[in-house]
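Chain letters run A, B, ... following the sequence lines, proteins first and then strands; every chain starts at 1.
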2 protein chains.
Amino acid sequence: MAANIGRPLEFDPDTALEAAMQQFWSKGYEHTSMQDLLVAMNLSKSSLYQTFGGKQPLFRRCVYRYTDQVAQGLGQGLAKAPSGRRFIEGFLNSILKEAQDRHGPRGCLVMNTATEFAQSEPEIAHDVAQSIDRFRDVLQGAVERAQSEGEIPRERDSQMLANYLVSSMSGLKAQSKAGADAARLKGIIALTLKALD
Amino acid sequence: MAANIGRPLEFDPDTALEAAMQQFWSKGYEHTSMQDLLVAMNLSKSSLYQTFGGKQPLFRRCVYRYTDQVAQGLGQGLAKAPSGRRFIEGFLNSILKEAQDRHGPRGCLVMNTATEFAQSEPEIAHDVAQSIDRFRDVLQGAVERAQSEGEIPRERDSQMLANYLVSSMSGLKAQSKAGADAARLKGIIALTLKALD
DNA sequence: TGTGTTATGGACTTATCGTTCCATATTTAG
DNA sequence: CTAAATATGGAACGATAAGTCCATAACACA
């Protein structure tokens, strides 16, 4: 496939992609210029175009990468968690930490993308919907584990609960980004968990 | 104050502002160009700059206008509602209608603005935080009315419940914008209401 | 009617955007 | 050592953005 002939790349595409993702996550698509990307990724314009095809294709790869990382991270967290319920609690509480992150609260890249593009770009809207369903599926696994462990009533619809958790996460991250303090977020989280009983 | 001397305006500033707000709500700040605004508002560039000062000041006035309209609309809805609880249910269910709106699901202009600017523009972040608190205050009134009517337990913290409702609304609107269908939204709404019991 | 005041339309300016292109550098295969 | 292939750096391009400026139009008042 990839011919091993010719001059070799002077950068690691994966590292560059990660840097681009961080930029888009912090500033959104429109507020990130090519210049910003070139600096963050530490490569030349030609290399960016040759390797990633341009700004928009790069962005879509970043959203995909983010989705993978988050879904995979949640899956691993669930595997290690002492119980499904505890995992869900930890998942919601982790939003509190984001506010103290060095980047500040950046929200969820997928939902940020939905806000920026869902209305105008059908292809990106499709990516977003797929990402959301991936998050939902992992959380549904957590709900079902909690049900099997007796921490959530078995008769509840696990898929709906998972949809609810995705929606709640999105709301919480938006509140955090909009300046809500820790006390407010904690209160919202506590109420959110009530719906699981 | 406003001198009534000189050539009179050929447009109604309030109508123009409403048109600008609809544009910003539909497309966001960056995706709305001056050209878009001039067409939507039906006025000349000079008039826009003279009357509104430029794109950013116009945008902030639009966000303020939106906040006023929503807060006032909620207040009137609450006054007419048969009960506090019923008002809250109607408030959440109204998000379902937005998806069938001729504009499509546009989310909440205030939260869209938070997503686009909270990280980079402190002044706008301040406006956003104020708007959120105004929404919260109206909803807190609804919660307290429901408590006095025996539909929500009196011992619950009405302010926290109101914060929770704001966050839930924001999450729901984001899900709607991201393509969630009516069934999914209804399920989330039903779960959201459980937290009030 | 004339003067001061504000509004309007449109040309113009300046900056920045994403993208393309080409000459040059660096590698592998034969 | 040569030729083919790929990567890189930087100049140049076309488009579009927001914002400014000025000549002209339309009013109120005296």
Side-chain angles (χ1 to χ4, degrees), chain A residues 1-63 113 116-117 119-121 123-124, chain B residues 1-21 23-63 113 116-117 120-121 123-124:
Chain A
M1 339 205 63
N4 280 10
I5 197 178
R7 181 172 168 179
L9 285 177
E10 290 184 0
F11 61 94
D12 173 25
D14 195 67
T15 306
L17 198 57
E18 175 68 22
M21 191 203 80
Q22 296 291 338
Q23 273 296 307
F24 282 131
W25 190 6
S26 291
K27 313 211 323 175
Y29 182 81
E30 287 295 340
H31 284 93
T32 300
S33 69
M34 275 297 192
Q35 201 53 38
D36 292 335
L37 291 168
L38 299 183
V39 170
M41 301 169 80
N42 192 31
L43 41 77
S44 75
K45 204 164 265 196
S46 309
S47 304
L48 192 152
Y49 275 88
Q50 179 125 346
T51 309
F52 301 105
K55 191 182 179 187
Q56 227 217 327
L58 173 62
F59 178 70
R60 293 183 69 180
R61 284 190 61 175
C62 287
V63 173
T113 301
E116 193 168 358
F117 285 118
Q119 192 96 359
S120 54
E121 303 274 347
E123 297 196 339
I124 295 186
Chain B
M1 343 199 64
N4 321 354
I5 198 179
R7 181 172 168 178
L9 285 176
E10 288 183 2
F11 61 93
D12 174 23
D14 196 68
T15 306
L17 198 57
E18 175 68 23
M21 190 203 81
Q23 273 297 307
F24 283 131
W25 190 6
S26 291
K27 313 212 319 174
Y29 181 81
E30 287 295 340
H31 285 94
T32 300
S33 69
M34 275 296 190
Q35 201 53 38
D36 292 334
L37 290 167
L38 298 183
V39 170
M41 301 168 81
N42 193 31
L43 41 77
S44 74
K45 199 167 265 197
S46 309
S47 303
L48 192 153
Y49 276 88
Q50 178 124 349
T51 309
F52 300 106
K55 191 183 179 186
Q56 232 223 5
L58 173 62
F59 178 69
R60 294 183 69 180
R61 284 190 60 175
C62 286
V63 174
T113 301
E116 194 168 358
F117 285 118
S120 55
E121 303 274 348
E123 297 197 338
I124 295 186

Review point. Atom CD of Gln56(B) and atom C1' of dA17(D): how far apart are they, to the nearest Å?
Key: 15 Å

**Study point:** Length of the line joining Leu38(B):CG and dG19(D):C1', which is rounded to integer Å
**Key:** 12 Å

Practice item. Please list residues of residues 40-55 of chain B whose heavy atoms come under 4.0 Å from any atom in DNA chain C, ordered by number; otherwise none. Key: Ser44(B), Ser46(B), Ser47(B), Gln50(B)

Check your understanding: Side-chain contact, heavy-atom cut-off 4.5 Å: Phe24(A) with Val63(A)?
Key -> no

Practice item. Only counting residues at least two apart or in another chain, list the ones meeting side-chain hydrogen bond (donor to acceptor under 3.5 Å, both in side chains) with Thr15(B). Key: Asp12(B)

Point to revise | Test side-chain hydrogen bond (donor to acceptor under 3.5 Å, both in side chains) applied to Asn42(B) - qualifying residues, sequence neighbours left out | key: none

Revision key, fill the gap. So, with a heavy-atom separation below 4.0 Å from DNA chain D, the residues of residues 9-37 of chain A are Leu9(A), Glu10(A), Phe11(A)

Check your understanding: Taking only residues two or more places apart in sequence, or in another chain, which ones meet Glu10(B) in a side-chain contact (heavy atoms from CB on, under 4.5 Å)?
Key -> Arg7(B)

Review point. Taking the side chain as C-beta and beyond, is there a heavy-atom pair between Leu37(A) and Met34(A) under 4.5 Å?
Key: yes

Review point. Listed by chain and number, what are the side-chain hydrogen bond (donor to acceptor under 3.5 Å, both in side chains) partners of Ser26(A), not counting sequence neighbours?
Key: Arg106(A)

Review point. Taking C-beta and beyond as the side chain, do His31(B) and Gln119(A) meet within less than 4.5 Å on heavy atoms?
Key: no

**Study point:** Any donor-acceptor pair under 3.5 Å from Glu116(B) side chain to Tyr29(B) backbone
**Key:** yes

